[in-house]
*Asks:* 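Right, I'll just put the structure down here and ask away after.
What you are looking at is a predicted structure, and each value in this text was computed from that prediction instead of being measured. Side-chain atoms are counted along with the backbone in the values below, which use heavy atoms only and exclude waters and symmetry mates.
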Amino acid sequence: MKKLFTTLSNIWKIQELKERILFTLLILLVYRFVSHVVLPGVDPTALGNNEKSGILGLLDMFAGGSFSRVSILALGVMPYISASIVVQLLGIAVPSFQKMQKEGESGRKKMNQITRYLTVAITIVQSVGYVKTQVPAEAILLPNTLFLVLSTFVLTAGTLFVMWLGEKITDKGIGNGTSLIIMVGIIARLPVAISQEFSARVGSSSEGGGPVALVLEIVALFAVVMFTILIVQGVRKVPVQYAKKIVGNRQFGGVRQYIPLKVNAAGVMPIIFAQALMFIPGALMQFVPSLQGSWLIQFSNTTSLAYSLTFAFLIIAFTFFYTAITVNPTQMSDDMKKNGGFIPGIKPGFATSTFIDDVISKITFPGAVFLAIIAILPSLAVKFGIKQEFAHFFGGTSLLILVGVVLDTLQQIESYLLMRHYDGLMKTGRVTGRTGVPAASSNAAL
């Protein structure tokens, strides 16, 4: 406890870090305040119980409840995330985008601008769909056409406002702004989820299991979080030796470094892609009523065995796919060769790229399996009687985002502490973010 208070005191002594943390908290407070502002022309009292389930419930969680509240920030940053994913995939498949990626800072600015324009287009389309399908007709106080046009404009402006807040946090705050906004939205649902679970377990009904069941659930949640941290942090270090070069009386190179190949290099993207595909059967049944009695009904129940097995298989497949298109062993081998580096015992060039590809394939499979387990844990939690709201925190995209964002933010804070010659956040070891690079290494680069 004394170590904790000492660390907090050290954080407060660093003026720049203190200002960045306070600025981040202020922006997040503004975001949470604005998220409770309802769309113009909507009667909040007529919304009633507008809770969402399935994929819509997940979007509502990411938006911190704004989706179900019909807020001006109902779409949150999800259109921006969608646009970023599209641009990232274009950067892999389209040569002109690949060229922009290699242009350094100017290329990054061009791609950011394209992402913003694409965000506006996606938000307009999603706004129309949201107003037509998610806003109850009895809650609308304006003529339908006027309400549709006004709401589309306001929702688009709301998404751009959230995107601007995220960029401000990234520039002047601490951590990644967009990720922090999503994390705050997820955490905002936690008190409600705990309250519902507490009422179910310790309420007047004797079937709830009592305080013992609630304590066991908290212990299980803690174990799942630790397991998720292991997956997020897991790396396979490949040693790289750099050739020694002597110029005059000075020696250059001759050092050994490591390439941290992550066990879960794909992050949460496989789960997002798999969830998008698992939404298709439900959409088909909605548009084709004759299919509602068919075998597709199994895939509308997130707790069914067929849904869980198919979901897990898709996650494993997408993990290999996304890792293959984002991690390029050939480029890593060429970069090492240009800088005079080599893997001990492996010839430079083709043999090196083959070795790296083999290592990635071996560590990706267990990472994909563990990722699939984490993804289906919420449905297993529901099977054991845990409320749906609280079960979301037992795995899936929400837990991976929470763990990843917290680790990244702690890594940045530790970097500031180490630069000012203070002890880090941990007494032993160093906080490692999702990049797999310890904070101490980041300071050395600075």
Side-chain angles (χ1 to χ4, degrees), residues 88 91-92 98-99 101-105 107-108 229-267 319-368 370-371 404 407-408 410-412 414-419 421 423-446:
Q88 186 178 8
I92 298 170
Q98 292 177 355
K99 183 179 179 181
Q101 285 181 331
K102 297 177 181 179
E103 291 178 356
E105 184 64 22
R108 188 181 67 84
I229 291 175
L230 288 176
I231 300 303
V232 173
Q233 298 282 73
V235 294
R236 164 73 156 82
K237 292 184 178 180
V238 177
V240 178
Q241 184 73 37
Y242 286 90
K244 186 184 298 183
K245 182 180 178 181
I246 298 177
V247 179
N249 294 326
R250 300 182 65 183
Q251 175 180 313
F252 299 90
V255 296
R256 172 170 289 193
Q257 296 181 359
Y258 295 92
I259 301 176
L261 300 176
K262 294 187 68 61
V263 173
N264 179 28
T319 301
F320 276 96
F321 169 75
Y322 198 78
T323 302
I325 64 175
T326 54
V327 182
N328 190 342
T330 303
Q331 184 178 354
M332 295 169 67
S333 173
D334 293 341
D335 291 340
M336 278 192 292
K337 191 175 181 180
K338 291 177 182 177
N339 294 306
F342 61 93
I343 298 174
I346 307 296
K347 293 182 179 180
F350 179 75
T352 298
S353 63
T354 303
F355 175 79
I356 294 175
D357 184 64
D358 184 57
V359 172
I360 292 174
S361 299
K362 289 179 179 178
I363 65 176
T364 298
F365 179 73
F370 290 144
L371 188 63
L407 289 174
D408 282 351
L410 291 180
Q411 180 192 11
Q412 288 198 25
E414 178 146 337
S415 298
Y416 277 96
L417 290 172
L418 293 175
M419 280 192 297
H421 307 291
D423 290 335
L425 292 169
M426 299 174 62
K427 196 169 184 179
T428 59
R430 288 288 177 262
V431 176
T432 308
R434 282 174 288 186
T435 57
V437 181
S441 301
S442 301
N443 294 335
L446 293 175

*Asks:* Please round to the nearest 0.5 Å and tell me the distance separating atom CG of Leu261 and atom CD1 of Ile363.
*Replies:*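 Leu261 CG to Ile363 CD1: 5.0 Å, rounded to 0.5 Å.
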*Asks:* Can you measure from CZ (Phe350) to OG (Ser333) and round to the nearest 0.5 angstrom?
*Replies:*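 OG of Ser333 is found 10.0 Å from CZ of Phe350.
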*Asks:* Can you name the closest pair of heavy atoms from Tyr258 and Pro239 and give their distance?
*Replies:* CD2-CA, 3.7 Å
*Asks:* Output all residues satisfying side-chain hydrogen bond (donor to acceptor under 3.5 Å, both in side chains) with Arg236, sequence neighbours left out; order by chain, then residue number.
*Replies:*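 Here no residue qualifies.
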*Asks:* Enumerate the residue pairs fulfilling side-chain hydrogen bond (donor to acceptor under 3.5 Å, both in side chains) with a member in residues 353-364, sequence neighbours excluded, ordered by first and then second residue.
*Replies:* Asp358-Lys362
*Asks:* What is the minimum heavy-atom distance between Gly267 and Leu371, and which atoms define it?
*Replies:*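 The pair with the smallest heavy-atom distance is O-CD2, 3.7 Å.
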*Asks:* Quick one: CZ on Phe370 to CZ on Phe365, what's the gap to the nearest 0.5 Å?
*Replies:*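 Here the rounded value is 10.0 Å.
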*Asks:* With rounding to the nearest 0.5 Å, note down the distance linking OG1 in Thr330 to CD1 in Ile356.
*Replies:* 9.0 Å
*Asks:* Going by side chain to side chain contact (heavy atoms under 4.5 Å, CB included), name the residues that satisfy it together with Val327, two or more places apart in sequence or in a different chain.
*Replies:* Ala265, Thr323, Met332, Ile360
*Asks:* Any heavy-atom pair between the side chains of Ile343 and Met336 that's under 4.5 Å?
*Replies:*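 Result yes, sub-4.5 Å side-chain heavy-atom pair found.
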*Asks:* With rounding to the nearest 0.5 angstrom, report the OG1 to CD1 distance, Thr352 to Ile346.
*Replies:*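 Thr352 atom OG1 to Ile346 atom CD1 measures 6.5 Å (nearest 0.5 Å).
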*Asks:* Could you tell me whether the side chain of Leu407 reaches within less than 4.5 Å of the side chain of Gln233, counting heavy atoms only?
*Replies:*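 Yes - at least one pair of side-chain heavy atoms lies under 4.5 Å apart.
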